[in-house]
J.: 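Would you mind keeping the following structure in view while I ask a few things?
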Amino acid sequence: MKYTSSGSFEQGYNKMISAVENPEMKGMEFGVVKMAAGDVMHFDYAQEVVYDLLSGKVTFAWDGKSETVAREDCFHEGAILLHVPQCVKVTITAETETEVAVARTENKRSFAAKLMRPEDCLCANEERGAGQMNECSTRMVRTFFDRSNCPETNFFIGEVVHFPGKWSSYPPHQHVEPEMYYYKFLPQNGYGLAEFGDDAYKVKHNDLTGMPAHVTHSQAAAPGYAEYYLWCIRLQDDKNIVTTTVKEYEWITAPDAKYFPEI
């Protein structure tokens, strides 16, 4: 399903998916906070929450702690995020114009709240697809955490920087857990195509797609436009995700796969 935005956000919290309105996402909720310099917002969710700083300079305050962090943009700089368990009061003070993505889901487990920088993430900036098919699906992947470095979490979450004119999340794959992609483009008038089973959606700046269980998906970006997406998977049991690729297209991952087919 595609959840289309207007391309820009109003000041405050902009809801994109919710547990009540989007039951196919199995309890995952998502929105983007837009703030001007000097704005202060308070949050107190009875859920596990990830506050991912997309751009700007903010002061996060939680559990008697306070830190000021800055991120010029999500294309060129690594991730900065605050990850908290349920019922942790968080205050965000914007020092400049700011956007923060907020992903949340039910989780009764307790764990220590943590402000994470690139060096704290499971994978700070991993190049994937390099050397395959004339670099057709080379991209940069930043994995924040899963149950290998945070056993108590109900999330598997991170970011992809998708190069212009290329593919990512390819070959097409599926899993039993629902997943969402939240997109940004550089320049902002860019677009991409989101595979969704046998269909595809044209996605633009600030759009979001949600994949329920067993829906195959992959991405393509228009030439000249870099694509960013925040991906978030709501884990459904006590194990990490198991991904299944579409076997028909797995051959492209072979070291000797030909970029242009031979007759």
Side-chain angles (χ1 to χ4, degrees), residues 1-22 25 27-63 65-84 86-105 113 115-117 142 144 155 157-159 161 180-192 203-210 225-232:
M1 181 178 294
K2 177 184 173 184
Y3 308 90
T4 303
S5 74
S6 62
S8 61
F9 294 122
E10 297 180 351
Q11 297 293 108
Y13 180 79
N14 296 265
K15 179 181 68 175
M16 298 194 78
I17 57 174
S18 72
V20 173
E21 296 175 7
N22 307 105
M25 300 309 291
M28 190 156 53
E29 304 194 72
F30 183 82
V32 175
V33 172
K34 183 175 180 179
M35 304 174 71
D39 287 351
V40 179
M41 293 189 67
H42 304 279
F43 303 88
D44 185 10
Y45 293 116
Q47 296 166 300
E48 176 182 2
V49 190
V50 175
Y51 300 90
D52 183 16
L53 178 61
L54 299 174
S55 62
K57 183 178 182 180
V58 301
T59 298
F60 286 119
W62 76 101
D63 281 349
K65 301 175 183 178
S66 178
E67 288 199 47
T68 300
V69 291
R71 190 183 192 190
E72 187 69 24
D73 71 89
C74 54
F75 288 89
H76 300 95
E77 297 185 9
I80 299 175
L81 58 132
L82 178 63
H83 180 209
V84 304
Q86 64 173 347
C87 300
V88 171
K89 295 180 180 179
V90 172
T91 298
I92 302 178
T93 303
E95 311 293 337
T96 64
E97 186 174 334
T98 296
E99 284 190 354
V100 179
V102 181
R104 50 198 173 96
T105 195
L115 181 68
M116 302 178 69
R117 295 176 172 86
R142 307 164 182 150
F144 304 162
F155 275 139
I157 184 170
E159 300 172 338
V161 177
M180 50 136 284
Y181 287 174
Y182 167 68
Y183 302 89
K184 286 190 176 293
F185 288 88
L186 187 67
Q188 291 186 9
N189 66 330
Y191 69 94
V203 290
K204 298 182 180 181
H205 193 69
N206 287 333
D207 278 348
L208 182 146
T209 55
Y225 294 93
E227 177 182 292
Y228 158 96
Y229 56 93
L230 169 64
W231 51 270
C232 187

J.: Do Q47 and T105 have side chains that get closer than 4.5 Å, going by heavy atoms?
T.: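 Heavy-atom side-chain distance check fails, nothing below 4.5 Å.
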J.: Roughly how far, to the nearest 0.5 Å, is SG of C74 from CD1 of I80?
T.: 11.5 Å
J.: Tell me, do K57 and T68 make a side-chain contact under 4.5 Å, heavy atoms counted?
T.: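 Yes; the side chains approach each other to less than 4.5 Å.
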J.: Distance check, rounded to the nearest 0.5 Å: D73 atom CG versus L186 atom CG?
T.: 7.0 Å
J.: Looking at side-chain heavy atoms only, is the closest gap between V33 and M41 below 4.5 Å?
T.: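 Yes, their side chains come closer than 4.5 Å.
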J.: Kindly indicate, with the supporting measurements, whether the criterion side-chain contact (heavy atoms from CB on, under 4.5 Å) is fulfilled by F60 and K65.
T.: CA-CA 8 Å; F60 286 119; K65 301 175 183 178; over 6 Å; no
J.: Which heavy-atom pair separates A103 from I157 by the least distance, and what is that distance?
T.: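 Closest heavy-atom pair between A103 and I157: CB-CD1, 4.3 Å.
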J.: Measuring only between side-chain heavy atoms, which start at C-beta, is Y181 closer than 4.5 Å to V203?
T.: no
J.: Using 0.5 Å steps for rounding, measure from the CD atom of Q11 to the NZ atom of K34.
T.: 5.5 Å
J.: Find out whether H83 and E48 are in side-chain contact, i.e. whether some heavy atom of one side chain is under 4.5 Å from a heavy atom of the other.
T.: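 H83 reaches E48 side chain to side chain.
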J.: Could you walk me through whether N206 and K184 satisfy the side-chain hydrogen bond (donor to acceptor under 3.5 Å, both in side chains) test, starting with their C-alpha distance in whole Å, then the side-chain angles of each, then the deciding distance to 0.1 Å, before giving a yes or no?
T.: CA-CA 5 Å; N206 287 333; K184 286 190 176 293; 2.8 Å; yes
J.: So, T209 and Y229: side-chain donor and acceptor under 3.5 Å apart, yes or no?
T.: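 No donor-acceptor contact under 3.5 Å links the two side chains.
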J.: Take atom CZ of F75 as the centre, draw a 6.0 Å sphere, and report whether it contains more than 12 heavy atoms from other residues, nucleotides or ligands.
T.: yes
J.: Is the closest side-chain heavy-atom distance between R117 and E67 below 4.5 Å?
T.: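 Of all side-chain heavy-atom pairs linking E67 with R117, at least one is under 4.5 Å.
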J.: Checking Y182 against D207: is there a side-chain donor and acceptor pair closer than 3.5 Å?
T.: no
J.: Measure the spacing between OG1 of T98 and CG of L53 and express it to the nearest 0.5 Å.
T.: 6.5 Å
J.: Are E99 and M35 packed together at the side-chain level, in the sense that at least one heavy-atom pair is separated by less than 4.5 angstrom?
T.: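 E99 vs M35: side chains apart.
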J.: Closer than 4.0 angstrom, basic N to acidic O: yes or no for K15 and E21?
T.: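 A salt bridge links K15 with E21.
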J.: Indicate the atoms forming the closest heavy-atom contact of A94 with V58, along with that distance.
T.: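 So the two residues come closest at CA-CG1, 4.3 Å.
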J.: Could you report the tightest heavy-atom contact between F185 and H205, atom names first, then the distance?
T.: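 Closest pair (atom of F185, atom of H205, distance): N-ND1, 3.0 Å.
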J.: Can you measure from OH (Y45) to CZ (R104) and round to the nearest 0.5 angstrom?
T.: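 Interatomic distance, Y45 OH to R104 CZ, rounded to 0.5 Å: 4.0 Å.
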J.: On a heavy-atom basis, which atom in A79 and which in F144 lie closest, and how many Å separate them?
T.: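 Closest pair (atom of A79, atom of F144, distance): CB-CE2, 3.2 Å.
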J.: Indicate the atoms forming the closest heavy-atom contact of A101 with L230, along with that distance.
T.: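 For A101 and L230, the tightest heavy-atom pair comes out as CB-CD2, 3.7 Å.
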J.: Which heavy atom of G190 sits nearest to which heavy atom of Y225, and what is that distance?
T.: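 It is CA-CD2, 3.2 Å.
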J.: Checking D63 now: which residues fulfil side chain to side chain donor-acceptor pair (under 3.5 Å) with it, not counting sequence neighbours?
T.: none
J.: Measuring from I92:CD1 to L82:CG, what's the distance to the nearest 0.5 Å?
T.: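 The distance works out to 7.5 Å.
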J.: Hey, does V69 have a side-chain heavy atom less than 4.5 Å from the side chain of L115?
T.: yes
J.: Please confirm whether the backbone N or O of E72 pairs with a side-chain atom of S55, one donor and one acceptor, at under 3.5 Å?
T.: no
J.: Do F43 and Y51 have ring centroids that are under 6.0 Å from one another?
T.: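 Centroid separation for Y51 and F43: below 6.0 Å.
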J.: Mind checking what makes side chain to side chain contact (heavy atoms under 4.5 Å, CB included) contact with I17, not counting sequence neighbours?
T.: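 Per chain and number, I17 pairs via side chain to side chain contact (heavy atoms under 4.5 Å, CB included) with Y3, N22, M25, F30, M180, L208.
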J.: Does this structure show an ion pair linking R142 with E159, if we count only N-O contacts that are shorter than 4.0 Å?
T.: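 So R142 pairs with E159 through a salt bridge.
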J.: Please step through side-chain contact (heavy atoms from CB on, under 4.5 Å) for the pair V50 and V102, ending with a clear verdict.
T.: CA-CA 6 Å; V50 175; V102 181; over 6 Å; no
J.: Can we say R71 and E77 salt-bridge, meaning some charged N sits less than 4.0 Å from an Asp/Glu carboxylate O?
T.: no
